[in-house]
Structure formats: structure tokens, C-alpha cells
Protein chains: 2
Amino acid sequence: MKDAAWDDLKTVMALVRHGSLAAAGAALRLNYTTVARRIARAEAALGTTLFERLKDGYVPTDAAMLVAAHAGEMEACEHDLMRRLAGRDGTLEGALTITAPQLLIAYVLPTALAQFRALYPKVDLRVRATNDILDLSRREADLGIRISRTPGDTLTGLRLAEQHSASFASPGWAERIAKDPGAPIDWILYETHDDVPKAAREAYPSSRVQYRFDDMIAMAGAAQAGLGVVRMPMFLGRSLPGLMQVPLLPPQPYMDVWMVAHPDVWPGAKVRAFRDVLKADMKTRRALFVA
Amino acid sequence: MKDAAWDDLKTVMALVRHGSLAAAGAALRLNYTTVARRIARAEAALGTTLFERLKDGYVPTDAAMLVAAHAGEMEACEHDLMRRLAGRDGTLEGALTITAPQLLIAYVLPTALAQFRALYPKVDLRVRATNDILDLSRREADLGIRISRTPGDTLTGLRLAEQHSASFASPGWAERIAKDPGAPIDWILYETHDDVPKAAREAYPSSRVQYRFDDMIAMAGAAQAGLGVVRMPMFLGRSLPGLMQVPLLPPQPYMDVWMVAHPDVWPGAKVRAFRDVLKADMKTRRALFVA
DNA sequence: GGTTATACATGCGATAACGCATGCATGAAG
DNA sequence: CTTCATGCATGCGTTATCGCATGTATAACC
């Protein structure tokens with residue numbers, strides 16, 4: 001049992017995680033044949049069967065699970081290293097990956113991105129638009145912009161803006177509500193909410209839940225199409241064409257906009273440069289976010 | 001900055017540790033040209049200079065030290081894995097590495113080794129004869145036989161025998177001492193000892209330190225050649241031809257013989273088999289070690 | 001001043017690793 | 001029953017990696 005090649009251990013871990021040669025290969029950016037060969041190599045090196053070859057694919061043995069667990073620890077060390085290298089990197093060139101919710105990228109960030117682009121043309125800026133919370137410890141992104149109450153336990157953060165929310169709907173709805181406040185009002189709710197906001201229910205008892213969505217973009221689209229009223233952040237309602245604020249809800253505090261990064265990465269030159277640009281840009285448009 | 005190949009990180013670590021391409025290559029069992037190429041690859045992948053190419057070799061930068069430190073952690077994870085795999089391995093074939101002091105291997109272990117060989121012919125038994133304390137955590141050996149007071153903090157151990165020591169010399173010296181106990185007596189001491197053992201100095205005031213050695217094999221050879229008297233373990237004096245016990249020192253307790261292994265590795269089938277054979281064999285010859 | 005040893009650069013041929021295409025088995029869907 | 005999708009095995013040609021041989025620079029030594 002010689003000391004196995006580290007890349008082969010990594011490959012075992014990928015296969016355990018992703019379940020099939022093809023999926024593991026995709027994750028490693030390798031052809032699945034190569035994955036199969038590396039597994040065979042690792043088994044020879046360790047002198048153990050790591051996977052049972054069944055009709056429906058490779059099934060990991062206990063030994064493979066053990067290898068995968070330890071390779072996972074090795075991977076954590078690697079991520080730690082990569083973060084620290086990024087944090088002490090003083091150059092203003094190369095890749096910088098930021099992540100933010102689609103809606104912020106679409107309606108708030110473009111000016112800041114353009115400024116950054118002009119100031120630091122050598123930085124290869126990559127934007128990952130997703131509502132998923134990417135793992136900044138694993139360096140899925142260097143810097144994140146998030147709508148939340150706190151930056152998170154392990155992350156360093158900076159509050160970019162306070163936010164208010166309000167109720168928005170299409171002009172048709174606005175008109176109807178103004179004419180006949182007692183008429184039935186259709187609401188589009190976010191999945192996690194049980195009912196129409198309490199303040200709206202009290203002031204407008206005819207409120208009724210018509211749809212529940214799991215995605216704010218879709219909700220906004222539905223509101224634009226006139227399907228109903230949506231409670232959304234001020235910036236969003238104001239940015240989207242075809243939506244008006246309706247007086248069903250008084251503006252109320254919403255989760256803030258934070259810029260966060262792993263403390264190891266935070267002091268890196270590229271991250272710092274982006275932070276400064278975004279911070280300055282956001283300062284000039286705080287009014288967009290509050291009532 | 002992509003995720004670098006793990007084997008390249010390992011190579012950076014080897015170069016930092018060993019100082020030159022050639023030395024790192026030897027440690028990795030690679031040609032030094034390959035080391036140079038991997039370093040270049042790693043630098044490209046990380047986007048950082050890792051080594052300054054000076055007239056007298058590669059000098060690591062801070063970044064390389066950082067990489068090396070984290071690769072060291074990864075290596076620790078790998079060793080941990082290898083130990084656990086060895087510990088849960090139930091097969092009685094493949095490599096088993098044991099380590100022991102040369103003198104025990106030469107004069108005590110042969111019978112046990114032969115028995116083990118006969119019982120488990122498929123096990124590829126490797127013996128590392130050295131007084132150096134090999135790192136059993138790093139799997140430099142699976143099992144060690146040591147002469148010490150305790151098995152060590154992190155290791156599991158089993159006491160194979162208690163030991164006594166006594167004074168031995170060539171027959172010429174034995175005769176001389178018997179004839180004229182007052183005549184000068186030449187001692188050969190182990191480096192770490194300041195003076196002749198107290199009991200000998202009191203009973204034979206004419207004792208004088210003639211040589212200080214750092215190696216027991218050499219001391220035994222010198223005693224055989226008649227250069228003087230040596231305090232050594234009973235088993236050794238009794239085993240070596242051309243040596244006799246001389247009455248300068250009463251037999252006294254010496255460090256015991258231990259069999260030790262890392263707790264992860266201890267339950268492995270091959271280690272267990274060797275333990276059983278050696279334990280049984282040693283039981284039959286405890287008398288060899290005590291007065 | 002010439003010899004030897006260490007340390008690295010470079011070019012070339014050999015080798016091992018890889019990607020791709022093809023084929024087979026299985027199970028789900030039409 | 002046919003079709004399609006998934007998952008893997010195998011063979012072949014390509015590519016990247018590696019080891020070896022050679023050459024240069026520097027320092028140490030007689």
C-alpha cells in the first residue's frame with residue numbers, strides 16, 4: 001500500500017459525492033473514462049476495492065467512504081489555502097468572482113460594475129447571479145452581496161443600505177383600489193408566508209391569497225401582468241416598469257443589503273477595490289431603498 | 001486562479017522542505033526536471049511566484065511557505081487516512097513494515113520473523129533496522145519494537161519483556177579483574193552518561209572512562225576487541241560472542257522492550273498477526289533478558 | 001589554474017494519461 | 001415492442017507528461 005496520488009484521492013471523493021462516473025467527470029472537468037481509470041489506479045495503490053461495479057453504476061464501499069471523508073478534509077485545507085492566497089494577493093488583475101441575487105444585479109449593480117470595469121480593466125470580473133447562498137468558504141465566490149439581517153457567523157460584512165418594503169401592483173390594480181377600497185384584492189405571496197401581511201389584512205379585510213410563489217422574479221412578473229399585489233423591496237418596485245406602489249401596506253423595514261466576504265479574502269486587493277467602488281456607488285443611491 | 005492540482009501542491013511542499021529540485025525529486029521519486037515543471041505549473045495555476053530562481057537554487061517566497069504549510073495539513077489528513085485503512089484492513093497479504101533497533105533484529109527477532117514468514121507467506125514483511133524513532137503517525141512503519149520506559153503518548157503498546165543490564169567485557173578483561181580487582185579498569189560509556197555507574201565506581205575505584213561512543217553496536221564491537229568494559233542489556237552481552245559478564249556491576253533494571261503501534265493501525269490483521277507471533281515467541285525467552 | 005560537485009536549463013525520445021467513438025446492458029417512456 | 005436515456009466497458013489515436021542526456025554557471029578544493 002504505497003502513498004496514493006492525491007489527485008486520485010480527490011477523484012474517489014468526486015465519485016462518492018456525485019454518484020456516477022459521468023457526474024464525477026463533469027465536476028472534475030474530466031472525461032468519465034479518466035475517472036474510471038483513476039479509480040482503478042487508486043484501488044491498486046490502496047490494495048482495496050473502493051467501488052462495487054453493479055448494473056446501475058459504481059457503489060462506494062466503506063473504504064471509499066473513508067477515503068472520501070479524508071479527501072474532504074484535504075479539500076478544506078486546499079480551500080483554506082486558496083482563500084489566504086487570495087487575501088494576500090496585492091495584484092489588480094486576474095479573476096474576481098462576485099455573487100448577488102439576480103434582481104440586485106439587474107437593477108442596482110450595473111453602474112458599480114461599469115465603474116469597476118473602467119477603473120480596473122485587468123481584473124477579470126465574474127458575476128454569479130443566483131439566490132443560492134454560495135459557499136464563500138469554498139471560494140465559490142470571493143465576495144457576495146446579500147439581502148439578510150446579518151452578514152453571517154463566519155463572514156466579514158459591510159451594510160450597504162437599509163431597506164424598506166411596500167406593496168406594488170400594476171396601474172390597473174392601483175386604479176381599482178383607489179376607486180373601491182372594499183373590493184376583493186388578490187395577493188401574490190412568497191412561499192414562506194402564511195397569510196397576507198397583518199397590516200393589510202386589517203386595513204383591507206377583502207384581501208385574499210391568490211398565488212404562492214417561490215421566486216421573487218416570477219412574483220414581480222406576475223404583478224406586472226396584473227395578477228395581483230406583491231410585497232417587495234422598494235428598490236424593486238421602483239425599478240420595474242409597469243408597477244406602482246399601492247397603499248395597502250405602509251412602508252416597513254426590510255432586510256438590509258450586505259456586502260460579505262470570508263475574512264481571509266476580505267483584505268485582498270481586488271476584493272478591496274470592488275468593495276470601495278460598490279460602497280461609494282451605493283452611498284449615492286441610498287434613497288432608492290427606503291421610503 | 002483555478003483550483004490547483006493537488007499533486008502540484010505536494011510538489012511545492014517537497015521543494016520547500018528539501019531545498020533543491022534534486023532533493024525534492026528524490027523524496028517524491030521523480031526526476032528533478034519533473035519537479036521544476038510542476039512548480040512552473042503551480043505558479044501558473046495560482047498566479048503567483050512561488051520560488052525565486054537564484055544562482056544557488058530555488059528560494060521559496062512567502063506564498064510558497066503558505067502553500068507548503070497547507071499542503072502539510074493535507075498530508076496529515078492523508079496519513080490519517082492511510083492509518084485507518086491499514087487498521088481496518090483484514091487481509092493477510094501485502095506490505096507490513098516493522099522497525100526495531102539493529103541489535104534486537106540481529107539477536108532477538110530472527111526466530112519470530114521466521115515463524116511469521118512461515119505462517120503468513122503472503123505478507124510482504126519489510127524490516128527497518130534503525131535506532132531512529134520512526135514516525136508511526138506518518139506510517140514510516142506500521143509497528144515498532146522499542147527499548148524505552150513507556151510506549152509513548154500517542155501510541156498503543158505492549159510490554160514484551162523486562163530487561164536487566166550488566167557489565168560485559170572480553171575474556172581477557174574478565175580474567176584480569178578476577179586476578180587483580182584493584183587494577184585499573186577501562187570503561188566504554190554511552191555518550192549521554194557522565195561517568196562510570198556509581199555502583200562500579202564505589203566497588204572498583206580504579207575504574208576510568210576511556211571512550212565515549214554514540215552507538216551501542218560500536219561499543220559492543222569495541223568490547224569484543226578488548227578495549228574495555230561496557231554496561232549493556234543482558235540479552236546483548238549474552239548474545240555476542242567473545243563477551244563475558246564481569247562482576248563490576250550487579251544486574252540492574254534497564255528499559256523494557258515494548259511493541260508499539262499507532263492506535264489506528266493496531267487492530268489491522270497483519271499487525272495483529274505479527275503481534276501475536278512476536279508476543280508468543282518473546283514469552284518463551286524472557287529469561288534471556290533478565291539476570 | 002584545473003578538477004570536482006552542486007544546482008538548474010533545455011531539447012528530445014519514450015511513456016503514460018487522456019479524450020473520443022463505439023458498443024452493451026438496463027430501465028423508463030411512448 | 002420500440003425508442004430513448006443513463007451508465008459503464010473497451011479500443012484507438014492524440015496529447016501531455018515524464019525521464020534521460022547534455023550543457024552552463026557557480027563555488028569549493030587541491
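Here is how names work: the chains are called A, B, and so on, in the same order as the sequence lines, proteins then strands, and each is numbered from 1. It should be emphasised that the depicted structure is a prediction, and the values quoted were computed from it without experimental measurement.
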### Task
Measure the acute angle between the ring planes of B:Y120 and B:F116, then classify it against the limits of 30° and 60° as parallel, tilted or perpendicular.
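Because their plane-to-plane angle lies in the 30° to 60° range, the rings of B:Y120 and B:F116 count as tilted.
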### Message
With a 4.0 Å limit, can you tell me whether B:N31 has a side-chain N or O closer than that to the phosphate oxygens OP1/OP2 of D:dC18?
### Response
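No, B:N31 has no side-chain N/O under 4.0 Å of OP1/OP2 on D:dC18.
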### Query
Given axes from five pairs at either end, by how many degrees does the helix from C:dG1-D:dC30 to C:dG30-D:dC1 bend, rounded to 10°?
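That helix has its two terminal axes inclined by roughly 10°.
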### Query
Ion pair present between A:R38 and A:D7, side-chain N to carboxylate O less than 4.0 angstrom?
no
### Pair A:E78 + A:R138, salt bridge at N-O below 4.0 Å
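Salt bridge: no.
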### Message
Could you check whether B:R275 makes a cation-pi contact with B:W266, meaning its NZ or CZ is under 6.0 Å from the centre of the six-membered ring and within 45° of the ring axis?
### Response
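Cation-pi check for B:R275 and B:W266: passes.
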What is the distance from [atom1] of [X] to [atom2] of [N], rounded to the nearest Å?
{"X": "B:L30", "N": "C:dT15", "atom1": "CG", "atom2": "P", "result": "17 Å"}
{"X": "B:H18", "N": "C:dC8", "atom1": "NE2", "atom2": "C1'", "result": "18 Å"}
{"X": "A:R29", "N": "C:dA17", "atom1": "CZ", "atom2": "P", "result": "23 Å"}
{"X": "B:I39", "N": "D:dC18", "atom1": "CD1", "atom2": "P", "result": "12 Å"}

### Considering all heavy atoms, the nearest B:L155-B:R146 contact
CD1-NH1, 3.6 Å
### Task
Could you give me the CA-CA distance, side-chain angles and deciding distance for B:V16 and B:F51, then say whether side-chain contact (heavy atoms from CB on, under 4.5 Å) is met?
CA-CA 9 Å; B:V16 169; B:F51 296 87; 3.7 Å; yes
### Qualifying residue for side chain to side chain contact (heavy atoms under 4.5 Å, CB included) with B:D264, from B:H79, B:R83, B:R88
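The single option meeting the side chain to side chain contact (heavy atoms under 4.5 Å, CB included) with B:D264 is B:R83.
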## Note on the structure
Going 5' to 3' through nucleotides 2-17 of chain D and flagging B where a protein heavy-atom sits under 4.0 Å of the base, S where only the sugar-phosphate is that close, and - otherwise, we get -----SBBB------S
### Query
Quick one: side-chain contact (heavy atoms from CB on, under 4.5 Å) partners of B:Q224, sequence neighbours excluded?
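B:Q224 satisfies side-chain contact (heavy atoms from CB on, under 4.5 Å) with B:L240, B:P241, B:L243 once adjacent residues are dropped.
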